[in-house]
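Notes follow the structure.
Numbering of ligands and ligand atoms starts at 1, following listing order.
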Amino acid sequence: MADGTLIPVAADFAAQAHVDAAGYERLYRSSVEDPEGFWREQARAIDWIRQPTLIKETSFSAGDVHIRWFSDGTLNASVNCLDRHLPAKADKPAILWEGDEPGESRTVTWRELHDRVNRLANALKGFGVGKGDFVTIYLPVIPEVLVAMLACVRIGAVHSVVFSGFSAESLAGRVADCRAKLLITADEGHRGGRVLPLKRQADAALAGISHQVDHVVVVRRSGADVSFTPGRDHWYDEIVEAADPVCPPEEVGAEDPLFVLYTSGSTGKPKGLVHTTGGYLVHVATSWKNIFDYHDGDIHWCTADVGWVTAHSYKIYGPMLNGATIVMFEGVPTWPDHSRWWSIIEKLKVSIFYTAPTAIRSLMRDGEAPVRKHDLSSLRVLGSVGEPINPDAWTWYHRVIGGGRCPIVDNYWQTETGAVMLVPLPGATPLKPGAAAKPYFGIRPVLLDAGGKPVEGTGTGNLCFAESWPAQARTILHDHERFLNTYFSPYPGHFFSGDGAKRDEDGYYWIAGRVDDVINVSGHRLGTVELESAIGSHPAVAESAVVGFPHEIKGQGVFAYVTLKADFEETEALRQEIVDWVRRRIGPIATPDVIQWAAALPKNRAGKILRRILSKIAANDFANFGDVTTLAEPEVVNDIVERRRHAI
Ligand code: PRX
């Protein structure tokens, strides 16, 4: 299939869809011409305690950036996710959970979920957690993670979910940064037949920081014998059983924080992006329904781990706000065999399946046999997110998984944006394999050149947004300056995404990838500076530079150039030691794919490392290094090129 081919929307799909082509045109126009009116109407998707009268108070103007949506409204997120569904759905499934071990499964009804959330909320209150307090959640993909999130928001506390694959050190940084009052973890997690020692890592994390966490709630996942600190540690099942099952929801303001989520940036430590309640819920509830064309009875499965924004918005909040049944799967697609995902789709009759291109590329390698063993006819809509999907993977996903009949909604967005920005709506937008297509309602993308001038018509540029949207992050926790500098200073009057993009002759957007010092490994963002500081803390390392390089499965891999201190030798053992060191400090997702020794790193006369050149060398592109006149020592590059050529 040629790049750029338009695949029309099937007439029968369009006929039953929430939004068809004419609907998209009409609603999009009204959303940008009259954002107040549009979002006032969308806000009906949420049950408010006090209905908002102020809809949009926002400005991206230099010196006056402010973002407030629905600011005089009050509400409670857990009521919207749970209580309002009880009259119709109490005994229907809210969560269909599949454990790592095949055969281990649980169904949680709306009534049970509501009961657990109320009880845990009361228990948290008993530990002194209240409105505005932060709670860190470090759990595997089990129903209790959802209970924990919703229990926090029931009492107005702010959750910070940390991916269970992150190391003790990464967890420690995140606990300390938000000054969490309480931590919720599990004894152990299970993933792909392996055990994650979560409680041990949590203990190590808390021992390593001066900030004191008063209470730790521990979910018994595996029943392993784990260390327990009396007075501080509490078993989840015991406190939940003992708690009152009725917890009145706390009334919070639309602009009160709902959660903080950490993500890597181009400089320094991860940023804690703060999302607020009203705007986030309105945008996430309505966009989830539209982008996946949800109808009552659909079974939704987003494969992302709960530690990422994809899961916050479109595995948990979006579906829960719409009363949808979700699938949660604790394991990995390749264990115990490579048809695990497909067997779950067949078993649970999944109708909406949402995953990342890296997973598709990796499963594609196994061929069609593991898929053909299963009946995937329940599928209606497929989703892709996290990185550009190459047309080959798109076509395979469409043909083999979707049977040629399911639209693929490739949705582009970010931790910062909270909800979708670019997407083909499945009943409205003809598809182009690899394109994130068109702006969602209310979103005004612009491409700006390096000088900040708009690129009109077709062309490429830095992807910015000219207008605020309700789900956007409001600040970086404890660092509003960094928020303004990162997103609003590069192109005054605009929010800058950090991505480059192309607009084609049909007005479709194609994401080209990050233009800053962030790399996208298997759909996960890693800051090169963060990786360098992990490598640089190894006693043998004098200096390092990390760049991304094209990787067949991961999209981008981690390529590290390392200069050793004088007393150390460039051995294979040391190379492996540095790889393990990074895994331990950040987590397995940050594992360097290549470490290349370098006698020195190419720098300009001001001492800045020239990553542009290093990226080219990592990609085996040894020509066109661009302007090298700024290099302090040009021979350094020759040495690095020689070593790279020698290695391949
Ligand atoms: O580079 C873009 C890429 O992922 C980045 C955002 O990462 P994160 O905050 O972790 O959120 C991931 C999922 C919401 C973006 O700056 N990205 C995300 N979705 C797409 C994408 N690149 C291309 N196409 C997408 N659909």
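No cation-pi contact links Arg444 to Phe465, judged by a cut-off of 6.0 Å to the six-membered ring centre and 45° from its axis. Under a cutoff of 6.0 Å and an axis angle of 45°, Lys432 and Tyr508 form a cation-pi pair.
For the residue pair Tyr354 and Thr310, no side-chain donor N or O sits within less than 3.5 Å of a side-chain acceptor on the partner.
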Without placing hydrogens or testing angles, list every side-chain donor-acceptor pair under 3.5 Å for residues 400-410, not counting sequence neighbours.
from: Arg405; atom 1: NH1; to: Gly402; atom 2: O; distance (Å): 3.4
from: Arg405; atom 1: NH2; to: Leu376; atom 2: O; distance (Å): 3.2
from: Arg405; atom 1: NH2; to: Ser377; atom 2: O; distance (Å): 3.4
from: Arg405; atom 1: NH2; to: Leu379; atom 2: O; distance (Å): 2.9

Would Lys554 and Asp593 count as a salt bridge (charged side-chain N to carboxylate O under 4.0 Å, His left out) if you check the C-alpha gap in whole Å, the side-chain angles of each, and the deciding distance to 0.1 Å? CA-CA 10 Å; Lys554 299 180 178 182; Asp593 296 279; 2.7 Å; yes
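If you take CZ on Phe441 and OG on Ser287, they are separated by 10.5 Å, rounding to the nearest 0.5 Å.
A heavy-atom cutoff of 4.0 Å around ligand 1 is satisfied by the protein residues Val309, Thr310, Val385, Gly386, Glu387, Pro388, Asp410, Asn411, Tyr412, Trp413, Gln414, Thr415, Asp499, Ile511, Arg514, Asn520, Arg525.
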